[in-house]
Protein chains: 2
Amino acid sequence: MGITERREAEKEAVRNKILYAAGKILARDGYESLSIRKIANEIEYSPGVIYHYFKDKAEIIATVVEEGYGRILQKLREIPVDLENPDKSIENSMKAYIELMLETPEQFKAVLLNDTVGIADKVNMLDEGISKERKSIQSLCRMIQHGIEIGKIREMDIELTAQIIWTSTHGLLSRLVLEKRIPKEQKERLIDHHFNILLKGLSK
Amino acid sequence: MGITERREAEKEAVRNKILYAAGKILARDGYESLSIRKIANEIEYSPGVIYHYFKDKAEIIATVVEEGYGRILQKLREIPVDLENPDKSIENSMKAYIELMLETPEQFKAVLLNDTVGIADKVNMLDEGISKERKSIQSLCRMIQHGIEIGKIREMDIELTAQIIWTSTHGLLSRLVLEKRIPKEQKERLIDHHFNILLKGLSK
DNA sequence: ATTTGTATTGAACAGTGTTTAGTTAAATAA
DNA sequence: TTATTTAACTAAACACTGTTCAATACAAAT
């Protein structure tokens, strides 16, 4: 069974080459100028071959973004949770999320632009029964829960609250990513004020 | 001078036909499938003629969205302001904004998707010295200011606060527009909880 | 050595935004 | 009135795009 194994590894290798090239182009040239022919050129294959590995362009983007986004959410989960100050933990997590997303803005744009069909379907849907984003939301939920228990956060629907933290922070992030030429100082002021209002909104 | 006047009116008419067709296609077929040739076909002209009236496709989209967005912001400004309850006024305004945007989701997508270069440049930049969005932000600013004066809103940077209200609500809106198949009931719960947290965050 | 199966190619199809040479018609000047 | 200028418009072309598909090359199995 060594032969089919190797062949499968070769196939996997080409698949990864495609994904790597796509990610490279995405970061280098931007979302708008990512094309099948550019990927084919980059990996030195003919354009047609890509369709033996992926259904269509959307699937490639979805996979690339899923992986990159997955890594971000993974890092997010590695941030230590301060049980004494769940409010500060929420702020730290979401600030880290913002910073990680700002490191790969083209990826964030791809998340935003892709109709949420290809991507959010992949990101939100089950991965080992539960998606990575859901895991992050759940992590947020635990912080909120704990905050309520120790009386630092007022009683409210936990899941709903986590979603509002998520969406409102995404709104801020959109502005930071899409709107060019905001001075760095102003960006920081926006981020700080966002959490100022948000945490006050959660507090008792 | 009746001749040049008429010719200018004719030119304006064709220009408006292009914009009308673009808006129609945008609403009917969606942002992704809006093309120059489709516009040309709709108005029964050759594709090339469009470039006598607009620099490029982005300018058409920017103009269409600018007008539609302008109408929304206009309606927003017509909403009466309750001086007794500036917090309720903020909520009402932003809720109306959400509802108006959900009426023309493809337009909102175009705002989101267009890199903010073509559009936010147009929307944010001066229109009679000050942009429509800035006017809406200013209207928000006045509510916040009044809220602070009568002691219903805690003291904080007014402009910054208005921007956070705007961005966080935009984040919620993105989710409502892009994410399909959210039950109407869940949408309302999200909206209510968003303003629940936001207004608490503003309060003293 | 021949068959089988699959990875790969390159051309083709239908579409995109944009440019441009050439036509047409109308407004102005002689 | 005739000639000239100006502007609108067309059709074709260019350089792309995603996607499909018949033909091919090539490694593995018989």
| query | Where each residue is assigned the nucleotide of DNA chain C containing its nearest heavy atom, which of B:L34 and A:H52 is assigned the position nearer the 5′ end? | reply |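 Closest to the 5' end, via its nearest nucleotide, is A:H52.
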
| said: Are A:F108 and A:H170, when compared by the centres of their aromatic rings, separated by less than 6.0 Å? | reply: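 They qualify: ring centres under 6.0 Å apart.
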
Rounded distance (Å) that lies between atom [atom2] of [N] and atom [atom1] of [X]:
X: A:I18; N: C:dT8; atom1: CD1; atom2: C1'; value: 12 Å
X: B:K11; N: D:dA7; atom1: NZ; atom2: C1'; value: 8 Å
X: A:I50; N: D:dC21; atom1: CD1; atom2: C1'; value: 16 Å
X: B:E59; N: C:dG17; atom1: CD; atom2: C1'; value: 14 Å
X: B:I25; N: C:dT16; atom1: CD1; atom2: C1'; value: 14 Å
X: A:Y51; N: D:dA22; atom1: OH; atom2: P; value: 17 Å
X: B:K17; N: D:dA8; atom1: NZ; atom2: C1'; value: 14 Å
X: B:R15; N: D:dA7; atom1: CZ; atom2: P; value: 18 Å

Between [X] and [Y]: side-chain donor-acceptor atoms closer than 3.5 Å:
X: A:R189; Y: A:Q186; answer: yes
X: A:S168; Y: B:H194; answer: no
X: B:R77; Y: B:Q74; answer: yes

| Tell me the salt bridge (charged side-chain N to carboxylate O under 4.0 Å, His left out) pairs involving residues 46-58 of chain B, sequence neighbours left out? |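 Output for this query is empty, none listed.
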
At less than 4.0 Å, is any side-chain N or O atom of [X] found next to OP1 or OP2 of [N]? Yes or no.
X: B:S35; N: C:dT16; result: yes
X: B:K57; N: C:dT16; result: no
X: A:Y53; N: C:dT8; result: yes

| field | Interface with DNA chain D, restricted to residues 36-45 of chain A and to heavy atoms under 4.0 Å | value |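 Within residues 36-45 of chain A, the residues near DNA chain D are A:I36, A:R37.
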
| So do B:T104 and B:I72 actually touch side chain to side chain, heavy atoms under 4.5 Å? |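 Touching, per the 4.5 Å side-chain cut-off.
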
| message | Is the ring pair B:Y97/B:Y69 parallel, tilted or perpendicular, if the boundaries are 30 and 60 degrees? | response |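 Plane angle over 60°, so perpendicular.
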
| request: Could you check whether B:I60 gets within reach of a base, just the sugar-phosphate, or nothing at all, counting any heavy atom under 4.0 Å? | output: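 If one applies the 4.0 Å heavy-atom cut-off, B:I60 turns out to touch nothing in the nucleic acid.
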
